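Just so it is clear, the structure is predicted and the values come from calculations on it, not from any experiment. Counting starts at 1 for both ligands and their atoms, following the listed order.
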Amino acid sequence: MSEFLLQQPSKGVDEHLIEFSEALRTVAKALRRVAEGKASAQAEAAEWKRKYELERARNLQRENIVAELPSGDDNINCCEHERIGNVHNESVLQTRSNEQSEKCCGKHGICSHEVLRDGDRDPGSKILHDKYMRKASFRLCWGCNGSGQHKHDIVSFERGNITTAERSSKQISLKWESPPQTVLILTKPNSISVRHLCAEMVRWLKDQKKINVFVEPRVRTELLTESSNFNFVQSWEDEKEILLLHTKVDLVVTLGGDGTVLWAASMFKGPVPPLVPFSLGSLGFMTPFQSEHYHECLDSILRGPISITLRHRLQCHVIRDAAKDELETDEPILVLNEVTIDRGISSYLTFLECYCDSSFVTSVQGDGLILSTTSGSTAYSLAAGGSMVHPQVPGILFTPICPHSLSFRPLILPEYVTLRVQVPFNSRGHAWASFDGKDRKELSAGDALVISMAPWPVPTACQVDSTNDFLRSIHEGLHWNLRKTQSFDGPRETL
Ligand SMILES: NC(=O)c1ccc[n+]([C@@H]2O[C@H](COP(=O)([O-])OP(=O)(O)OC[C@H]3O[C@@H](n4cnc5c(N)ncnc54)[C@H](O)[C@@H]3O)[C@@H](O)[C@H]2O)c1
Ligand SMILES: Nc1ncnc2c1ncn2[C@@H]1O[C@H](COP(=O)(O)OP(=O)(O)OP(=O)(O)O)[C@@H](O)[C@H]1O
């Protein structure tokens, strides 16, 4: 009897436990569905915002072309619109501007004003407009095995067959249409050799090339301490002026290592002028130019044409749960290498839920996750086991950091997706996001990061061409696949 009394309730408890765990599973499923719905809605919102911004930038650009087009000149090249300021009947001009963009930009490459105008944050500003007039214009062309054809279509239809013979990501070449006049020099701080080289280069550019030179305020002070003759060198005073730099500068020269290239890219929140990175660091993966030969290099770059690597950037938005899913800042954070979400000082596993557009990708449990550009594929992502990818390949690398799972292989996703990484409510610790290794931001439970490809790539000048430079970097910088060749001194095998 006493045994029976003891058994009966335990059976009841088991059943209750089973029922309870099923109920919990149902709740968990419902929560997952809600989270997926939320992820999809936020990804969609971010995508619409991106489309809206692109559309807005395009409209602004169109308005500028319309405002600048003179009447009665049907043969005008759209690059020449830069220099013209007459305002005309909108409907007529709109049609004409479309025709013109077909004549010039649409068929033969991208014109600089198209790239640079998109970043116009203050289109009504007369000062800004005047600054455009001083910019050297250039054209970007896709080379097709030297045949001179310039097709943009990645997929075309010929007699009902789909062909991908012409690719848009061929070697890109930049041709100046008017001579560059202004160079911005950015330097790694705290280096005596960089400081000397900078002073020498500034003098050479001014005296031999009649080029206007911009430097950071810190560097201007350093130059003026050396000699008051440097007072022709220009700089800026506040953040607002940095936002307008891309409208004044034709070329950016960096003196330092990869960190200086990242620094240069981070200064441009919109369009970036072509970058010429000189190597004065130890690794120099993105710095193909040798500083000893800077006269010859800059001579040839100022003359053009230049082979260009268009390095894609990622744009990241932080979404705070506490702010009811509002974006933390309107301006995205742009990264050239990667955004990393890790456990920071927390000793708990990072727990992250990842969504790609509206699909659930996976949960990350480990030290963190790296979302990298292809340029960043040779940096942190490589150290975490990701593939090395040619920088001209448009994709997003999804690389876990020390995942606590035997089957978590890195992924490479197409460039058009929007990713969302969320710290779930049942995460034991917080996560930390860092952008190109800087600006750490704490992510609490419910916070998310939305990441997509930015419309503003970083055009870096190549020493030879994109592929040759990339292969040389992985050979010389990383000693990729270095192995002694097997010796052979035996008799030859006879068949
Ligand atoms: N375990 C790691 O490998 C690790 C850890 C943290 C950060 N990083 C990288 O450092 C970058 C920041 O660079 P920094 O110079 O400001 O910091 P840093 O001075 O700490 O240098 C990091 C190293 O990474 C190299 N590097 C940077 N970008 C590269 C690229 N695209 N390809 C190949 N190597 C590259 C640099 O040359 C340098 O040797 C981050 O974006 C991240 O990719 C790597
Ligand atoms: N103009 C700048 N102003 C402030 N900080 C900068 C500037 N340029 C570079 N830095 C920072 O200085 C640090 C070192 O720069 P960089 O990586 O170019 O030199 P390095 O460490 O000698 O090169 P390498 O990484 O190849 O050894 C980086 O963290 C970078 O962000």
### Message
How far is atom 31 (O) of ligand 2 from the closest protein heavy atom, and which atom is that?
### Response
K438 NZ, 3.0 Å
### Query
Got the closest protein heavy atom to atom 22 (O) of ligand 2, with its distance?
K188 NZ, 2.6 Å
Hey, is ligand 2 close enough to [X] that some N/O pair sits below 3.5 Å?
X    : value
L186 : no
L283 : yes
P189 : no

### Message
I need the atoms of ligand 2 closer than 4.0 Å to a non-hydrogen atom of R218, numbered in the order shown.
### Response
1 (N), 2 (C), 3 (N)
### Task
Check ligand 2 against T187 and write out every atom of the ligand that is under 4.0 Å from a heavy-atom position of the residue.
1 (N), 2 (C), 7 (C), 8 (N)
### Query
Is atom 13 (C) of ligand 2 less than 4.0 angstrom from some protein heavy atom?
no
### Task
Flag atom 18 (O) of ligand 2 as yes if some protein heavy-atom distance to it falls below 4.0 Å, otherwise no.
yes
### Approximate separation, where rounding is to 0.5 Å, of C198 SG and L223 CG
5.0 Å
### Task
Quick one: pull up OG in S466 and NE2 in H390 and give me the separation to the nearest 0.5 Å.
4.0 Å
### Query
Looking just at side-chain N and O atoms, do T350 and R343 make a donor-acceptor pair shorter than 3.5 Å?
no
#### Entry: Under 4.0 Å from ligand 1 - residues by heavy atom, chain and number
D258, G259, L262, L283, F285, M286, N337, E338, S375, T378, A379, Y380, A383, D436, G437, K438
### Message
Regarding atom 16 (P) of ligand 2: of the candidates A264, G257, G437, G477, which has the closest heavy atom?
### Response
G257
## Note on the structure
Among S282, G256, G284, the residue with a heavy atom nearest to atom 24 (P) of ligand 2 is S282
### Task
Kindly say whether the aromatic ring centers of F268 and H246 come within a distance under 6.0 Å.
no
Closer than 3.5 angstrom, by distance alone: can the side chain of [X] be matched with the main-chain N or O of [Y] as a donor-acceptor pair?
X    : Y    : value
D439 : S434 : no
N468 : D465 : no
T182 : V249 : no

So that I can tick it off, tell me whether [Y] and [X] are bridged by a salt bridge, with the cut-off set at under 4.0 angstrom between side-chain N and carboxylate O.
X    : Y    : result
K441 : D447 : no
D258 : K188 : no
R203 : E226 : yes

### Message
With side chain to side chain donor-acceptor pair (under 3.5 Å) as the criterion, how do T373 and S375 come out once you've worked through the C-alpha distance, each side chain's angles and the decisive distance to 0.1 Å?
### Response
CA-CA 5 Å; T373 61; S375 285; 4.6 Å; no
#### Entry: Beyond-backbone contact of M201 with Y294, side-chain heavy atoms, under 4.5 angstrom
yes
### Task
Please state which part of T260 comes within less than 4.0 Å of ligand 2, counting heavy atoms only: side chain, backbone, both or neither.
both
